[in-house]
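Structure record follows, encoded as C-alpha coordinates.
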Amino acid sequence: MNPLAAIGRAFLAFLAATGRIGLFTVSAVSHCVRPPIYPRLIGRQLIEIGYYSLPVVGLTTLFSGMVLALQSYTGFARFSAEGAVATVVVLSMTRELGPVLAGLMVAGRIGASMAAEIGTMRVTEQIDALTTLSTNPFKYLVVPRILAGLISLPILVLVGDIVGVFGGYLVGVNKLGFNAGNYLSNTWEFLEAIDVISGLVKAAVFGFLISLMGCYHGYNSGGGAQGVGLATTNAVVSASILILVSNYAITEMFFAR
Amino acid sequence: MADESPKIRIRDLHKSFGENHVLRGLDLDVAVSESVVVIGGSGTGKSVLLKCILGLMEPDQGSIEIDGTEVVAMPRAEREQLMHKFGMLFQGGALFDSLKVWENVAFGLIQAEGMERDQAREIAFAKLAQVGLGEDVAALLPAELSGGMQKRVSLARAIATEPEIIFFDEPTTGLDPIMADVINDLIVKCVRELGATTLSITHDMASTRKISDRVAMLYEGRIIWAGETDGIDTSGNDHVDQFIHGRADGPIKMAVRRS
(Lines give C-alpha, C1' and ligand atoms only; values in the text may rest on other atoms or scores of the structure.)
Protein backbone atom coordinates (compact mmCIF):
# COMPACT_ATOMS: atom_id res chain seq x y z
CA MET A 1 0.00 0.00 0.00
CA ASN A 2 1.33 3.41 -0.97
CA PRO A 3 1.66 5.53 2.21
CA LEU A 4 1.31 8.76 0.22
CA ALA A 5 -1.98 7.54 -1.22
CA ALA A 6 -3.20 6.71 2.28
CA ILE A 7 -2.29 10.19 3.51
CA GLY A 8 -3.96 11.72 0.45
CA ARG A 9 -7.13 9.72 0.99
CA ALA A 10 -7.27 10.75 4.65
CA PHE A 11 -6.71 14.39 3.72
CA LEU A 12 -9.43 14.29 1.06
CA ALA A 13 -11.80 12.64 3.53
CA PHE A 14 -11.00 15.40 6.04
CA LEU A 15 -11.70 18.09 3.44
CA ALA A 16 -14.97 16.41 2.43
CA ALA A 17 -16.08 16.17 6.07
CA THR A 18 -15.18 19.82 6.64
CA GLY A 19 -17.19 20.79 3.58
CA ARG A 20 -20.20 18.78 4.76
CA ILE A 21 -20.05 20.37 8.21
CA GLY A 22 -19.67 23.81 6.60
CA LEU A 23 -22.78 23.29 4.44
CA PHE A 24 -24.71 21.94 7.42
CA THR A 25 -23.69 25.00 9.46
CA VAL A 26 -24.74 27.45 6.74
CA SER A 27 -28.07 25.68 6.36
CA ALA A 28 -28.63 25.56 10.15
CA VAL A 29 -27.82 29.27 10.60
CA SER A 30 -29.98 30.33 7.65
CA HIS A 31 -32.93 28.36 9.05
CA CYS A 32 -32.37 30.01 12.46
CA VAL A 33 -33.24 33.42 11.01
CA ARG A 34 -36.14 32.36 8.79
CA PRO A 35 -39.66 31.49 9.96
CA PRO A 36 -41.28 29.31 11.05
CA ILE A 37 -39.61 29.13 14.46
CA TYR A 38 -41.03 26.75 17.06
CA PRO A 39 -40.96 28.54 20.47
CA ARG A 40 -42.46 25.50 22.23
CA LEU A 41 -39.60 23.29 21.04
CA ILE A 42 -36.99 25.92 21.91
CA GLY A 43 -38.48 26.11 25.42
CA ARG A 44 -38.28 22.32 25.77
CA GLN A 45 -34.63 22.33 24.68
CA LEU A 46 -33.81 25.22 27.04
CA ILE A 47 -35.08 23.10 29.92
CA GLU A 48 -33.22 20.03 28.65
CA ILE A 49 -29.91 21.81 28.01
CA GLY A 50 -30.01 24.58 30.60
CA TYR A 51 -32.07 23.50 33.58
CA TYR A 52 -31.11 19.81 33.66
CA SER A 53 -27.42 20.64 33.23
CA LEU A 54 -27.39 22.90 36.31
CA PRO A 55 -26.45 20.14 38.81
CA VAL A 56 -23.52 18.82 36.78
CA VAL A 57 -22.20 22.29 35.94
CA GLY A 58 -22.72 23.47 39.53
CA LEU A 59 -20.86 20.52 41.03
CA THR A 60 -18.03 20.74 38.52
CA THR A 61 -17.44 24.46 39.02
CA LEU A 62 -17.89 24.26 42.81
CA PHE A 63 -15.12 21.71 43.21
CA SER A 64 -12.95 23.39 40.59
CA GLY A 65 -13.17 26.66 42.52
CA MET A 66 -12.31 24.85 45.73
CA VAL A 67 -9.33 23.06 44.20
CA LEU A 68 -8.16 26.26 42.54
CA ALA A 69 -8.10 28.07 45.91
CA LEU A 70 -6.14 25.24 47.52
CA GLN A 71 -3.65 24.87 44.67
CA SER A 72 -3.03 28.58 44.18
CA TYR A 73 -2.60 29.04 47.94
CA THR A 74 0.05 26.32 48.20
CA GLY A 75 1.78 27.60 45.07
CA PHE A 76 1.68 31.30 45.94
CA ALA A 77 2.81 30.63 49.51
CA ARG A 78 6.27 29.98 48.06
CA PHE A 79 6.39 33.62 46.94
CA SER A 80 4.48 35.01 49.92
CA ALA A 81 1.68 35.97 47.51
CA GLU A 82 -1.21 34.21 49.28
CA GLY A 83 -3.27 37.40 49.04
CA ALA A 84 -3.70 36.84 45.29
CA VAL A 85 -5.72 33.66 45.80
CA ALA A 86 -9.14 35.33 45.57
CA THR A 87 -8.14 37.23 42.40
CA VAL A 88 -6.72 34.11 40.77
CA VAL A 89 -9.87 32.15 41.57
CA VAL A 90 -12.26 34.74 40.18
CA LEU A 91 -10.22 35.46 37.03
CA SER A 92 -9.60 31.78 36.31
CA MET A 93 -13.25 30.92 36.81
CA THR A 94 -14.74 33.73 34.74
CA ARG A 95 -12.19 33.74 31.91
CA GLU A 96 -11.36 30.07 31.51
CA LEU A 97 -12.56 27.37 33.85
CA GLY A 98 -16.22 28.39 33.99
CA PRO A 99 -16.85 28.33 30.24
CA VAL A 100 -14.48 25.48 29.38
CA LEU A 101 -15.58 23.13 32.16
CA ALA A 102 -19.26 23.90 31.63
CA GLY A 103 -18.77 23.49 27.88
CA LEU A 104 -17.06 20.12 28.22
CA MET A 105 -19.59 18.81 30.73
CA VAL A 106 -22.52 19.92 28.58
CA ALA A 107 -20.82 18.48 25.48
CA GLY A 108 -20.71 15.11 27.24
CA ARG A 109 -24.27 15.30 28.52
CA ILE A 110 -26.14 17.11 25.76
CA GLY A 111 -24.01 16.52 22.65
CA ALA A 112 -24.29 12.76 23.19
CA SER A 113 -28.01 12.89 23.89
CA MET A 114 -28.74 15.07 20.83
CA ALA A 115 -26.74 12.82 18.52
CA ALA A 116 -28.39 9.68 19.91
CA GLU A 117 -31.91 11.11 19.71
CA ILE A 118 -31.61 12.54 16.19
CA GLY A 119 -29.56 9.54 15.03
CA THR A 120 -32.28 7.17 16.23
CA MET A 121 -34.86 9.30 14.45
CA ARG A 122 -32.75 9.01 11.28
CA VAL A 123 -32.44 5.21 11.36
CA THR A 124 -36.11 4.69 12.27
CA GLU A 125 -37.20 6.98 9.39
CA GLN A 126 -38.74 9.55 11.76
CA ILE A 127 -36.81 12.30 9.97
CA ASP A 128 -38.24 11.13 6.63
CA ALA A 129 -41.66 11.08 8.28
CA LEU A 130 -41.23 14.75 9.26
CA THR A 131 -40.57 15.62 5.62
CA THR A 132 -43.64 13.72 4.43
CA LEU A 133 -45.70 15.63 7.01
CA SER A 134 -44.65 18.94 5.36
CA THR A 135 -42.30 19.76 8.25
CA ASN A 136 -38.73 20.80 7.59
CA PRO A 137 -36.53 18.58 9.80
CA PHE A 138 -33.93 21.35 10.05
CA LYS A 139 -36.45 23.77 11.49
CA TYR A 140 -38.08 21.18 13.74
CA LEU A 141 -35.00 19.38 15.06
CA VAL A 142 -31.86 21.43 14.47
CA VAL A 143 -32.90 25.07 14.94
CA PRO A 144 -34.48 24.68 18.42
CA ARG A 145 -31.41 22.83 19.69
CA ILE A 146 -28.94 25.37 18.28
CA LEU A 147 -30.85 28.38 19.60
CA ALA A 148 -31.30 26.71 23.00
CA GLY A 149 -27.56 25.89 23.14
CA LEU A 150 -26.70 29.46 22.22
CA ILE A 151 -28.95 30.89 24.95
CA SER A 152 -28.52 28.39 27.78
CA LEU A 153 -24.73 27.98 27.87
CA PRO A 154 -24.03 31.63 28.85
CA ILE A 155 -26.63 31.37 31.63
CA LEU A 156 -25.11 28.09 32.82
CA VAL A 157 -21.63 29.63 32.77
CA LEU A 158 -22.79 32.67 34.72
CA VAL A 159 -24.18 30.35 37.38
CA GLY A 160 -21.00 28.25 37.19
CA ASP A 161 -18.82 31.35 37.67
CA ILE A 162 -20.72 32.32 40.80
CA VAL A 163 -20.67 28.79 42.20
CA GLY A 164 -16.94 28.41 41.41
CA VAL A 165 -16.06 31.68 43.13
CA PHE A 166 -18.21 30.58 46.06
CA GLY A 167 -16.23 27.29 46.20
CA GLY A 168 -12.99 29.26 46.37
CA TYR A 169 -14.49 31.45 49.08
CA LEU A 170 -15.52 28.42 51.15
CA VAL A 171 -12.01 26.96 51.07
CA GLY A 172 -10.31 30.34 51.48
CA VAL A 173 -12.32 31.36 54.51
CA ASN A 174 -12.95 28.01 56.24
CA LYS A 175 -9.72 26.15 55.49
CA LEU A 176 -7.04 28.65 54.59
CA GLY A 177 -8.00 31.21 57.24
CA PHE A 178 -8.75 34.24 55.03
CA ASN A 179 -10.92 36.97 56.45
CA ALA A 180 -14.29 36.77 54.71
CA GLY A 181 -14.51 40.52 54.01
CA ASN A 182 -10.93 40.69 52.69
CA TYR A 183 -11.48 37.66 50.48
CA LEU A 184 -14.59 39.19 48.93
CA SER A 185 -13.00 42.58 48.42
CA ASN A 186 -9.97 40.92 46.77
CA THR A 187 -12.41 39.03 44.55
CA TRP A 188 -14.09 42.21 43.31
CA GLU A 189 -11.05 44.49 43.27
CA PHE A 190 -9.37 43.20 40.11
CA LEU A 191 -12.42 41.78 38.34
CA GLU A 192 -13.32 43.68 35.16
CA ALA A 193 -16.41 43.46 32.97
CA ILE A 194 -14.35 42.06 30.09
CA ASP A 195 -13.38 39.04 32.21
CA VAL A 196 -17.02 38.04 32.58
CA ILE A 197 -18.05 39.10 29.07
CA SER A 198 -15.27 37.11 27.39
CA GLY A 199 -16.40 34.03 29.34
CA LEU A 200 -20.00 34.52 28.27
CA VAL A 201 -19.00 34.98 24.62
CA LYS A 202 -17.03 31.75 24.87
CA ALA A 203 -20.06 30.06 26.42
CA ALA A 204 -22.34 31.17 23.58
CA VAL A 205 -19.85 29.87 20.98
CA PHE A 206 -19.46 26.60 22.89
CA GLY A 207 -23.24 26.22 23.14
CA PHE A 208 -23.54 26.69 19.39
CA LEU A 209 -20.74 24.20 18.68
CA ILE A 210 -22.11 21.54 21.04
CA SER A 211 -25.59 21.70 19.50
CA LEU A 212 -24.20 21.88 15.97
CA MET A 213 -22.02 18.80 16.42
CA GLY A 214 -24.78 16.86 18.20
CA CYS A 215 -27.25 17.66 15.43
CA TYR A 216 -24.79 17.15 12.56
CA HIS A 217 -23.60 13.72 13.68
CA GLY A 218 -27.12 12.60 14.62
CA TYR A 219 -28.62 13.89 11.37
CA ASN A 220 -26.02 12.08 9.28
CA SER A 221 -26.02 8.92 11.35
CA GLY A 222 -26.52 5.60 9.60
CA GLY A 223 -26.04 1.88 9.86
CA GLY A 224 -28.40 1.04 12.73
CA ALA A 225 -27.39 0.87 16.38
CA GLN A 226 -23.67 0.92 15.53
CA GLY A 227 -24.13 4.06 13.44
CA VAL A 228 -25.97 5.82 16.24
CA GLY A 229 -23.24 4.81 18.71
CA LEU A 230 -20.58 6.17 16.39
CA ALA A 231 -22.54 9.40 15.90
CA THR A 232 -22.75 9.84 19.67
CA THR A 233 -19.02 9.35 20.13
CA ASN A 234 -18.17 11.65 17.23
CA ALA A 235 -20.50 14.35 18.52
CA VAL A 236 -18.83 14.44 21.95
CA VAL A 237 -15.26 14.18 20.64
CA SER A 238 -15.66 16.77 17.90
CA ALA A 239 -17.51 19.21 20.18
CA SER A 240 -14.83 18.84 22.88
CA ILE A 241 -12.01 19.46 20.40
CA LEU A 242 -13.79 22.44 18.85
CA ILE A 243 -14.41 23.88 22.33
CA LEU A 244 -10.70 23.74 23.16
CA VAL A 245 -9.63 25.15 19.78
CA SER A 246 -12.19 27.96 19.76
CA ASN A 247 -11.36 28.71 23.40
CA TYR A 248 -7.83 29.60 22.34
CA ALA A 249 -9.06 31.64 19.37
CA ILE A 250 -11.50 33.66 21.49
CA THR A 251 -8.91 34.19 24.24
CA GLU A 252 -6.47 35.46 21.61
CA MET A 253 -9.17 37.75 20.24
CA PHE A 254 -9.98 39.28 23.64
CA PHE A 255 -6.68 39.34 25.47
CA ALA A 256 -3.77 39.15 23.01
CA ARG A 257 -1.63 42.28 23.25
CA MET B 1 -56.42 2.68 -17.42
CA ALA B 2 -58.61 5.79 -17.44
CA ASP B 3 -58.35 8.34 -20.26
CA GLU B 4 -57.39 11.20 -17.94
CA SER B 5 -53.72 11.94 -17.33
CA PRO B 6 -52.17 9.82 -14.59
CA LYS B 7 -51.90 11.05 -11.01
CA ILE B 8 -48.31 9.82 -10.91
CA ARG B 9 -46.27 9.50 -14.08
CA ILE B 10 -42.70 8.19 -13.94
CA ARG B 11 -40.45 7.98 -16.96
CA ASP B 12 -36.90 6.68 -17.42
CA LEU B 13 -36.05 6.94 -13.73
CA HIS B 14 -32.43 6.20 -12.85
CA LYS B 15 -30.76 6.07 -9.44
CA SER B 16 -27.33 4.70 -8.61
CA PHE B 17 -25.29 4.40 -5.43
CA GLY B 18 -21.69 4.24 -6.61
CA GLU B 19 -21.42 1.19 -8.84
CA ASN B 20 -24.81 -0.13 -7.72
CA HIS B 21 -27.37 0.87 -10.38
CA VAL B 22 -30.62 0.42 -8.50
CA LEU B 23 -33.13 2.02 -10.84
CA ARG B 24 -32.32 1.70 -14.56
CA GLY B 25 -34.99 3.48 -16.55
CA LEU B 26 -38.14 2.77 -14.60
CA ASP B 27 -41.51 3.74 -16.15
CA LEU B 28 -44.75 3.65 -14.18
CA ASP B 29 -48.18 5.30 -14.30
CA VAL B 30 -50.69 5.43 -11.47
CA ALA B 31 -54.15 6.65 -12.44
CA VAL B 32 -56.40 8.84 -10.28
CA SER B 33 -57.95 6.84 -7.39
CA GLU B 34 -56.08 3.75 -8.51
CA SER B 35 -54.24 1.46 -6.12
CA VAL B 36 -50.99 0.16 -7.53
CA VAL B 37 -48.64 -2.20 -5.73
CA VAL B 38 -45.02 -2.55 -6.80
CA ILE B 39 -43.70 -5.99 -5.95
CA GLY B 40 -40.14 -7.21 -6.10
CA GLY B 41 -37.49 -8.90 -4.03
CA SER B 42 -35.47 -7.33 -1.26
CA GLY B 43 -32.85 -4.92 -2.57
CA THR B 44 -34.50 -4.37 -5.95
CA GLY B 45 -35.06 -0.65 -5.32
CA LYS B 46 -38.70 -0.49 -4.23
CA SER B 47 -37.94 1.82 -1.30
CA VAL B 48 -35.64 3.93 -3.49
CA LEU B 49 -38.53 4.40 -5.92
CA LEU B 50 -40.79 5.68 -3.14
CA LYS B 51 -38.08 7.95 -1.75
CA CYS B 52 -37.49 9.46 -5.19
CA ILE B 53 -41.20 10.24 -5.58
CA LEU B 54 -41.39 11.70 -2.06
CA GLY B 55 -38.30 13.85 -2.68
CA LEU B 56 -36.32 12.13 0.06
CA MET B 57 -33.81 11.14 -2.63
CA GLU B 58 -32.85 12.93 -5.82
CA PRO B 59 -32.91 10.64 -8.90
CA ASP B 60 -29.89 10.76 -11.21
CA GLN B 61 -32.06 11.00 -14.31
CA GLY B 62 -35.66 10.79 -15.40
CA SER B 63 -39.00 12.42 -14.79
CA ILE B 64 -41.61 12.17 -12.04
CA GLU B 65 -44.86 14.05 -12.58
CA ILE B 66 -47.57 14.49 -9.99
CA ASP B 67 -50.84 15.79 -11.49
CA GLY B 68 -48.85 16.72 -14.59
CA THR B 69 -46.26 18.79 -12.67
CA GLU B 70 -42.62 17.80 -12.81
CA VAL B 71 -41.36 17.27 -9.25
CA VAL B 72 -37.75 16.21 -9.82
CA ALA B 73 -35.44 19.03 -8.62
CA MET B 74 -38.48 21.01 -7.49
CA PRO B 75 -37.58 24.00 -5.24
CA ARG B 76 -37.91 23.28 -1.51
CA ALA B 77 -40.83 25.67 -0.91
CA GLU B 78 -42.87 24.13 -3.74
CA ARG B 79 -41.93 20.66 -2.55
CA GLU B 80 -43.23 21.46 0.94
CA GLN B 81 -46.53 22.55 -0.63
CA LEU B 82 -46.64 19.38 -2.72
CA MET B 83 -46.17 17.30 0.44
CA HIS B 84 -49.66 18.38 1.54
CA LYS B 85 -50.99 16.01 -1.13
CA PHE B 86 -49.09 13.05 0.29
CA GLY B 87 -49.62 10.63 3.12
CA MET B 88 -47.10 7.94 3.96
CA LEU B 89 -47.14 4.77 6.02
CA PHE B 90 -43.56 3.78 6.78
CA GLN B 91 -42.39 0.20 7.07
CA GLY B 92 -41.44 0.56 10.75
CA GLY B 93 -44.24 2.99 11.52
CA ALA B 94 -41.78 5.89 12.05
CA LEU B 95 -43.94 7.25 14.85
CA PHE B 96 -42.36 10.10 16.82
CA ASP B 97 -41.47 8.37 20.05
CA SER B 98 -41.35 11.58 22.10
CA LEU B 99 -44.97 12.42 21.22
CA LYS B 100 -48.18 10.82 22.42
CA VAL B 101 -50.24 8.74 20.01
CA TRP B 102 -52.80 11.47 19.34
CA GLU B 103 -50.02 14.04 18.83
CA ASN B 104 -48.49 11.74 16.23
CA VAL B 105 -51.80 11.48 14.38
CA ALA B 106 -52.44 15.22 14.66
CA PHE B 107 -48.86 16.20 13.74
CA GLY B 108 -49.55 17.08 10.10
CA LEU B 109 -52.71 18.99 11.03
CA ILE B 110 -50.91 21.10 13.65
CA GLN B 111 -47.53 21.62 12.02
CA ALA B 112 -48.35 21.70 8.34
CA GLU B 113 -51.90 23.04 8.32
CA GLY B 114 -51.61 25.27 11.40
CA MET B 115 -54.72 23.83 13.04
CA GLU B 116 -55.47 24.55 16.73
CA ARG B 117 -54.40 21.70 19.02
CA ASP B 118 -57.91 21.12 20.42
CA GLN B 119 -59.44 20.82 16.97
CA ALA B 120 -56.57 18.61 15.75
CA ARG B 121 -57.01 16.37 18.80
CA GLU B 122 -60.68 15.82 17.95
CA ILE B 123 -59.75 14.84 14.39
CA ALA B 124 -56.98 12.59 15.69
CA PHE B 125 -59.48 10.77 17.94
CA ALA B 126 -61.81 10.31 14.95
CA LYS B 127 -58.98 8.94 12.79
CA LEU B 128 -57.89 6.60 15.58
CA ALA B 129 -61.47 5.36 15.82
CA GLN B 130 -61.43 4.81 12.06
CA VAL B 131 -58.51 2.38 12.48
CA GLY B 132 -60.13 0.68 15.46
CA LEU B 133 -58.31 2.38 18.33
CA GLY B 134 -60.06 3.97 21.28
CA GLU B 135 -59.37 7.21 23.11
CA ASP B 136 -57.61 5.25 25.87
CA VAL B 137 -54.76 4.62 23.41
CA ALA B 138 -54.50 8.28 22.41
CA ALA B 139 -52.59 9.36 25.51
CA LEU B 140 -50.03 6.53 25.33
CA LEU B 141 -46.55 6.80 23.85
CA PRO B 142 -45.75 4.73 20.73
CA ALA B 143 -43.31 2.56 22.71
CA GLU B 144 -46.24 1.34 24.82
CA LEU B 145 -48.04 -0.11 21.77
CA SER B 146 -47.74 -3.48 20.04
CA GLY B 147 -46.45 -3.67 16.45
CA GLY B 148 -49.98 -4.00 15.05
CA MET B 149 -51.24 -1.03 17.03
CA GLN B 150 -48.26 1.05 15.88
CA LYS B 151 -49.16 0.23 12.27
CA ARG B 152 -52.74 1.34 12.93
CA VAL B 153 -51.55 4.61 14.45
CA SER B 154 -49.22 5.11 11.51
CA LEU B 155 -52.15 4.51 9.13
CA ALA B 156 -54.26 7.01 11.10
CA ARG B 157 -51.44 9.55 10.79
CA ALA B 158 -51.14 8.89 7.04
CA ILE B 159 -54.85 9.60 6.45
CA ALA B 160 -55.26 12.39 9.04
CA THR B 161 -54.74 15.23 6.58
CA GLU B 162 -56.92 13.47 3.99
CA PRO B 163 -54.18 13.33 1.36
CA GLU B 164 -54.77 12.78 -2.33
CA ILE B 165 -51.98 10.22 -2.65
CA ILE B 166 -50.97 7.70 0.01
CA PHE B 167 -47.77 5.65 -0.10
CA PHE B 168 -47.50 2.38 1.79
CA ASP B 169 -44.02 0.99 2.44
CA GLU B 170 -44.30 -2.69 3.33
CA PRO B 171 -47.49 -2.14 5.34
CA THR B 172 -47.68 -5.68 6.73
CA THR B 173 -44.02 -6.44 7.39
CA GLY B 174 -43.40 -7.79 10.87
CA LEU B 175 -47.05 -8.57 11.59
CA ASP B 176 -48.68 -11.95 12.14
CA PRO B 177 -50.97 -13.09 9.28
CA ILE B 178 -54.17 -12.16 11.11
CA MET B 179 -53.00 -8.69 12.07
CA ALA B 180 -51.62 -8.26 8.54
CA ASP B 181 -55.10 -9.01 7.18
CA VAL B 182 -56.63 -6.54 9.64
CA ILE B 183 -54.22 -3.84 8.41
CA ASN B 184 -54.99 -4.72 4.78
CA ASP B 185 -58.72 -4.37 5.45
CA LEU B 186 -58.15 -1.03 7.17
CA ILE B 187 -56.06 0.22 4.26
CA VAL B 188 -58.76 -0.73 1.75
CA LYS B 189 -61.50 0.84 3.91
CA CYS B 190 -59.63 4.08 4.61
CA VAL B 191 -58.48 4.53 1.02
CA ARG B 192 -62.00 3.94 -0.33
CA GLU B 193 -63.45 6.45 2.11
CA LEU B 194 -60.88 9.05 1.06
CA GLY B 195 -60.98 8.22 -2.63
CA ALA B 196 -57.20 8.50 -2.60
CA THR B 197 -54.65 7.25 -5.12
CA THR B 198 -52.21 4.79 -3.55
CA LEU B 199 -48.82 3.43 -4.44
CA SER B 200 -47.56 0.62 -2.25
CA ILE B 201 -44.45 -1.49 -2.20
CA THR B 202 -44.43 -4.92 -0.67
CA HIS B 203 -43.33 -8.49 -1.13
CA ASP B 204 -46.35 -9.82 0.76
CA MET B 205 -48.55 -11.38 -1.93
CA ALA B 206 -51.59 -11.72 0.32
CA SER B 207 -51.40 -8.00 0.98
CA THR B 208 -50.86 -7.27 -2.71
CA ARG B 209 -53.96 -9.21 -3.77
CA LYS B 210 -56.08 -7.48 -1.17
CA ILE B 211 -55.10 -3.82 -1.54
CA SER B 212 -54.24 -3.40 -5.22
CA ASP B 213 -56.11 -2.73 -8.44
CA ARG B 214 -52.94 -3.16 -10.46
CA VAL B 215 -49.57 -4.77 -9.80
CA ALA B 216 -46.17 -3.87 -11.23
CA MET B 217 -43.14 -6.12 -10.86
CA LEU B 218 -39.78 -4.42 -10.31
CA TYR B 219 -36.70 -6.36 -11.32
CA GLU B 220 -33.20 -5.15 -12.10
CA GLY B 221 -34.25 -1.53 -11.88
CA ARG B 222 -37.16 -1.69 -14.33
CA ILE B 223 -40.83 -2.60 -14.30
CA ILE B 224 -40.77 -5.91 -16.14
CA TRP B 225 -44.50 -6.62 -15.91
CA ALA B 226 -47.58 -4.62 -15.00
CA GLY B 227 -51.22 -5.63 -15.12
CA GLU B 228 -54.52 -6.06 -13.31
CA THR B 229 -54.23 -7.81 -9.96
CA ASP B 230 -56.71 -10.48 -11.09
CA GLY B 231 -54.40 -11.39 -13.94
CA ILE B 232 -51.25 -11.87 -11.90
CA ASP B 233 -51.62 -15.66 -11.76
CA THR B 234 -51.84 -15.85 -15.55
CA SER B 235 -49.21 -13.20 -16.33
CA GLY B 236 -47.16 -15.58 -18.47
CA ASN B 237 -44.03 -13.95 -17.05
CA ASP B 238 -41.52 -16.34 -15.51
CA HIS B 239 -40.17 -13.71 -13.12
CA VAL B 240 -43.66 -12.89 -11.82
CA ASP B 241 -44.53 -16.58 -11.50
CA GLN B 242 -41.38 -17.30 -9.53
CA PHE B 243 -41.97 -14.33 -7.24
CA ILE B 244 -45.65 -14.89 -6.47
CA HIS B 245 -45.07 -18.57 -5.75
CA GLY B 246 -41.94 -17.84 -3.70
CA ARG B 247 -39.71 -20.32 -5.51
CA ALA B 248 -35.94 -20.22 -5.00
CA ASP B 249 -35.36 -21.65 -8.47
CA GLY B 250 -36.08 -19.53 -11.50
CA PRO B 251 -34.82 -16.57 -13.50
CA ILE B 252 -34.63 -14.22 -10.48
CA LYS B 253 -31.27 -14.24 -8.73
CA MET B 254 -31.69 -12.44 -5.43
CA ALA B 255 -29.39 -9.51 -4.67
CA VAL B 256 -27.39 -10.02 -1.49
CA ARG B 257 -26.59 -6.35 -0.91
CA ARG B 258 -29.10 -3.75 0.14
CA SER B 259 -29.78 -1.05 -2.44
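Residue numbering restarts at 1 for every chain, and letters A, B, ... go by the order of the sequence lines.
- Within 6.0 Å of the CZ atom in Arg34(A), the count of heavy atoms belonging to other residues, nucleotides or ligands exceeds 12.
- In terms of heavy atoms, Ala94(B) sits closest to Ala129(A) at O-CB, 3.8 Å.
- Other residues, nucleotides and ligands place no more than 12 heavy atoms under 6.0 Å from the CD atom of Glu116(B).
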Dump the intermediate steps for side-chain contact (heavy atoms from CB on, under 4.5 Å) on Phe96(B) and Tyr140(A), then the final yes or no.
CA-CA 12 Å; Phe96(B) 305 125; Tyr140(A) 192 80; 5.9 Å; no
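- Only the side chain of Arg76(B) comes within contact range of chain A, with heavy atoms under 4.5 Å apart.
- How far CZ of Phe167(B) is from OG1 of Thr132(A): 10.0 Å, rounded to the nearest 0.5 Å.
- Options His84(B), Gln81(B), Met88(B) differ in how many heavy-atom pairs under 4.5 Å they form with chain A, and the most are formed by His84(B).
- Under the 4.5 Å side-chain criterion, counting only non-hydrogen atoms from C-beta, Gln111(B) is not in contact with Leu130(A).
- With chain B as partner, the option from Thr135(A), Asn136(A), Asp128(A), Thr124(A) having the largest number of non-hydrogen pairs under 4.5 angstrom is Asp128(A).
- Atom CZ of Arg79(B) is separated from atom OG1 of Thr131(A) by 10.0 Å, given to the nearest 0.5 angstrom.
- Across every non-hydrogen atom of Glu125(A) and Gln91(B), the tightest pair is OE1-N, 4.1 Å.
- Around CZ of Phe166(A), the count of heavy atoms belonging to other residues, nucleotides or ligands within 6.0 Å does not exceed 12.
- The candidate from Asp169(B), Asp97(B), Leu54(B) with the greatest count of non-hydrogen atom pairs under 4.5 Å with chain A is Asp97(B).
- Within the 4.5 angstrom heavy-atom criterion, no atom of Leu109(B) approaches chain A.
- Dense packing is recorded around CD of Glu113(B), with more than 12 heavy atoms of other residues, nucleotides or ligands lying under 6.0 Å away.
- For the atom pair CG of Leu133(A) and CD1 of Ile110(B), the computed distance is 11.5 Å after rounding to the nearest 0.5 Å.
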